[in-house]
> 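This is the structure I want to talk about, given as structure tokens.
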2 protein chains.
Amino acid sequence: MTITIYDVAREAGVSMATVSRVVNGNPNVKPTTRKKVLDTIERLGYRPNAVARGLASKKTTTVGAIIPDISSMFFADLARGIEDIATMYKYNIILANSDRNKDKELQLINTMLEKQVDGILFMGGEITEEHIRQLTSSSVPVVLSSTYDETNTIPSVNIDNKKAAYEATKFLIEQGNNNVAFIYGHDETPISRFKFEGYKQALAEFNFTLNQDFIVNVDYSYDSGIKAVRQLLSLDRKPTCVFVASDEMALGVIHGAQDMGYRVPEDLEVFGFNNTRLATMVRPTLSTIVQPMYDIGAVSMRLLTKFMNNETVEEKKIILPHRIIERDSTKLP
Amino acid sequence: MTITIYDVAREAGVSMATVSRVVNGNPNVKPTTRKKVLDTIERLGYRPNAVARGLASKKTTTVGAIIPDISSMFFADLARGIEDIATMYKYNIILANSDRNKDKELQLINTMLEKQVDGILFMGGEITEEHIRQLTSSSVPVVLSSTYDETNTIPSVNIDNKKAAYEATKFLIEQGNNNVAFIYGHDETPISRFKFEGYKQALAEFNFTLNQDFIVNVDYSYDSGIKAVRQLLSLDRKPTCVFVASDEMALGVIHGAQDMGYRVPEDLEVFGFNNTRLATMVRPTLSTIVQPMYDIGAVSMRLLTKFMNNETVEEKKIILPHRIIERDSTKLP
DNA sequence: GTGAAAGCGCTAACAG
DNA sequence: CTGTTAGCGCTTTCAC
């Protein structure tokens, strides 16, 4: 039925070992035999069985990627970075969505391990002890992508979210705003917390007191942005400026404000986070923190390949650079 | 080192076959032995090796998904639909980006087949004979998702793109527009062609002649939308209405027009295609064709499971419903 | 209800 | 440079 390495060997008049060698590009094969084997492979239409190879070699050249939600622009970009580098290094990706659900995450890690992936790329919210236990329950290397492990046991790739939020807030304050509001996600994730801390740090540095009315905690969606800005703009003492922890929410903020008759940036300056493609797909265009999502994915995967090759890795905790990009949503005339 | 089914058998004092039975939920095991086995599995921390299982059973419970670009919103939604149903049926997904590059596509199909996937979900542009040859070079079932096979040999899931474009154009004409422009992708894909045909059909039905100046052929990006509308609005005789073959381009069109000082919809009505989340993340909100991307993915995967289970499938060519949603970008005061 | 044994298709020493 | 021979860890008849 399906043709195997054995058939090729028989037809070519060589041993399975030799066929295996030519298939795997082993140089120790006489050119003539190589050609002979290649020809009969071609003739028989032989296709190596990667499962059998995986069982014999204990390498599957596939890595597992656990991601909260591939339909989020943020993670889709990240995934693309992962996949491109994986392809470059001849790995395939088993992709699974976790919805940041802990049970699902744990369960997925297990499945990946059962499938004998050579490595795991994990994107999630909080890393608990259980996560660590599960992730280290086998010797498969793991890299966290845009995800913090506060116990510092698992390699990771991130930007400095606190610093980024600090700089964004500072930027806004230095533009002359003394009432910067902050809208962020209520997911209780270290990343959200860091952003909040960065915001507070900037406020403190300029001796502003924290105004609880100016801090809105919603989910990371566009609609939440609209809701949040409504809340803010219905305050007696309204903010003139808001730092929003994601671009998608920020678009909601811009539109929510505009729908209420406010002008951005004249009545309300808006600053985002991530620099997804959305940031330029809005009027006014959105000033934001540039977070290199694609690169985070790419660097994560690259790091993972190093672990899979047993290369020595100097820095297990990679911080990628971020920057501010100023567009029209904060540019006062 | 790693513990195997053999270890469990020995420790539990049963045969490998019995362990295999309990692991696979085979009912023909006495409850007491089942418990005994389960306990030692727990105690030893046994994790079944899916690769070995795959080799022995010739089933991997993984399917390959070949997708043009996961970072496109359209495909990200589709992928999410695929993944959710896959999870439901206990399949994992090997996800790979093809960038609609034929060589890459062919190559990916081969890789998936080598990895012994139980099925393939293919999303692409054009299906050539080579694609079909490659896709059918093994007995693995294949389903095309949002992709046409004009030779009609491979099952597929789509909406009726021609009809959708026809209805959109007709809708615009019936609103009183006698000069509907059309912006679409130059990817020479059947889908793009169908959209163009739908547009032409509507025009013909109302006895409008095709104005080549009103047909702009660019790539499917936001920036292309901007470029395209500039071109249209620099015409001596400008259109008052434009049907755009994707939401992302349509946003570009709206903003491009606004940036030039035109008002949407007063000076230019804009109609999109797909109803991605973007359609409501713009002002004015975008009237568009609702294409159920998530459902296309979900139905494709469901269909594939049927083939993988050798269930009989009545309809191999599934057309999902679409509809028009009217928002503010075409709502004249 | 349970066990023995033969593979699944390939790689990886080890010889020669 | 090439062949022989064990496995890799599990499923699957076939007996009992």
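Every chain is numbered from 1, with letters handed out A, B, ... down the list of sequences.
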> dT2(C), OP1 or OP2 - any side-chain N/O from Thr18(B) closer than 4.0 Å?
no
> What contact category does Thr4(A) fall into here, base, sugar-phosphate, or nothing, at under 4.0 angstrom with non-hydrogen atoms?
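Thr4(A): backbone/sugar contact only, no base atoms under 4.0 Å.
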> Among dG9(C), dG9(D), dC10(D), which is the nearest nucleotide to the side chain of Thr2(B)?
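Shortest atom-to-atom distance from the side chain points to dG9(D).
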> Tell me which of Pro27(A) and Ile5(B) sits closer to the 5' end of DNA chain D, going by the nucleotide each one is nearest to.
Pro27(A)
> I want to verify a distance call: between dG3(C), dG9(D), dC1(D), whose nearest atom is closest to the Lys30(A) side chain?
dC1(D)
> Measure from the side chain of Ala17(B), starting at C-beta and using heavy atoms only, and say which of dG3(C), dC10(D), dA13(C) lies closest.
dG3(C)
> Nearest to the side chain of Asn24(B), which nucleotide is it out of dG1(C), dG9(C), dT11(D)?
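Given the options dG1(C), dG9(C), dT11(D), the side chain of Asn24(B) is closest to dT11(D).
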> Would you say a side-chain N or O of Lys59(A) is under 4.0 Å from OP1 or OP2 of dC8(D)?
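No, no such contact exists.
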> Identify which nucleotide among dC10(D), dT11(C), dT2(D) has an atom closest to any side-chain atom of Arg53(B), counting heavy atoms from C-beta outward.
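Among the listed nucleotides, the one closest to the side chain of Arg53(B) is dC10(D).
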> Take Tyr148(B) and Phe194(B) through the test ring pair (Phe, Tyr, Trp, His ring centres under 6.0 Å) and record every step on the way to the result.
CA-CA 10 Å; Tyr148(B) 286 96; Phe194(B) 289 150; 4.6 Å; yes
> At their closest point, which heavy atom of Ala86(A) faces which heavy atom of Ile93(A), and how far apart are they?
CB-CD1, 3.7 Å
> Pick base, sugar-phosphate or nothing for Val23(A), based on heavy-atom distances below 4.0 Å to the nucleic acid.
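Contact class for Val23(A): none.
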> If you check the Tyr46(B) side chain, which of dC10(C), dC10(D), dG3(D) turns out closest?
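The answer is dC10(D), which lies nearest to the side chain.
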> If you assign Thr33(B) and Ala56(B) each to the DNA chain C nucleotide with the nearest heavy atom, which residue ends up on the more 5' nucleotide?
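Final value for this comparison: Thr33(B).
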> Please check: side-chain N/O of Gln134(A) versus main-chain N/O of Leu106(A), any donor-acceptor pairing under 3.5 Å?
yes
> Between P on dG1(C) and NZ on Lys35(B), what's the gap in Å once rounded to a whole number?
18 Å
> Using modelled atom types and a 3.5 Å cut-off, is there a donor and acceptor pairing between side-chain atoms of Ser192(B) and backbone atoms of Glu188(B)?
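No, the answer is negative, given that no donor and acceptor are paired below the 3.5 Å cut-off.
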> Between dC8(D), dC10(D), dT2(D), which nucleotide has the shortest distance from any of its atoms to the side chain of Ala52(B)?
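Looking only at side-chain atoms, Ala52(B) lies closest to dC10(D).
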> Want to settle it: does Ser57(A) or Arg21(B) sit nearer the 5' end of DNA chain C, counting the closest nucleotide to each?
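In this pair, the answer is Arg21(B).
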> Check the pair Arg80(A), Asp77(A) against salt bridge (charged side-chain N to carboxylate O under 4.0 Å, His left out), reporting the backbone distance first and the verdict last.
CA-CA 5 Å; Arg80(A) 184 68 216 239; Asp77(A) 267 0; over 6 Å; no
> What's the closest nucleotide to the side chain of Ser15(A) if the choices are dG3(D), dG7(C), dC10(C)?
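My answer, after comparing the listed nucleotides, is dG3(D).
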> In this structure, how many angstroms lie between the C1' atom of dT4(D) and the OH atom of Tyr6(A), rounded?
13 Å
> Kindly point out which of dG9(C), dT11(C), dG9(D) is positioned nearest to the side chain of Asn49(A)?
dG9(C)
> Given dG9(C), is OP1 or OP2 found less than 4.0 Å from the side-chain N or O atoms of Lys58(B)?
yes
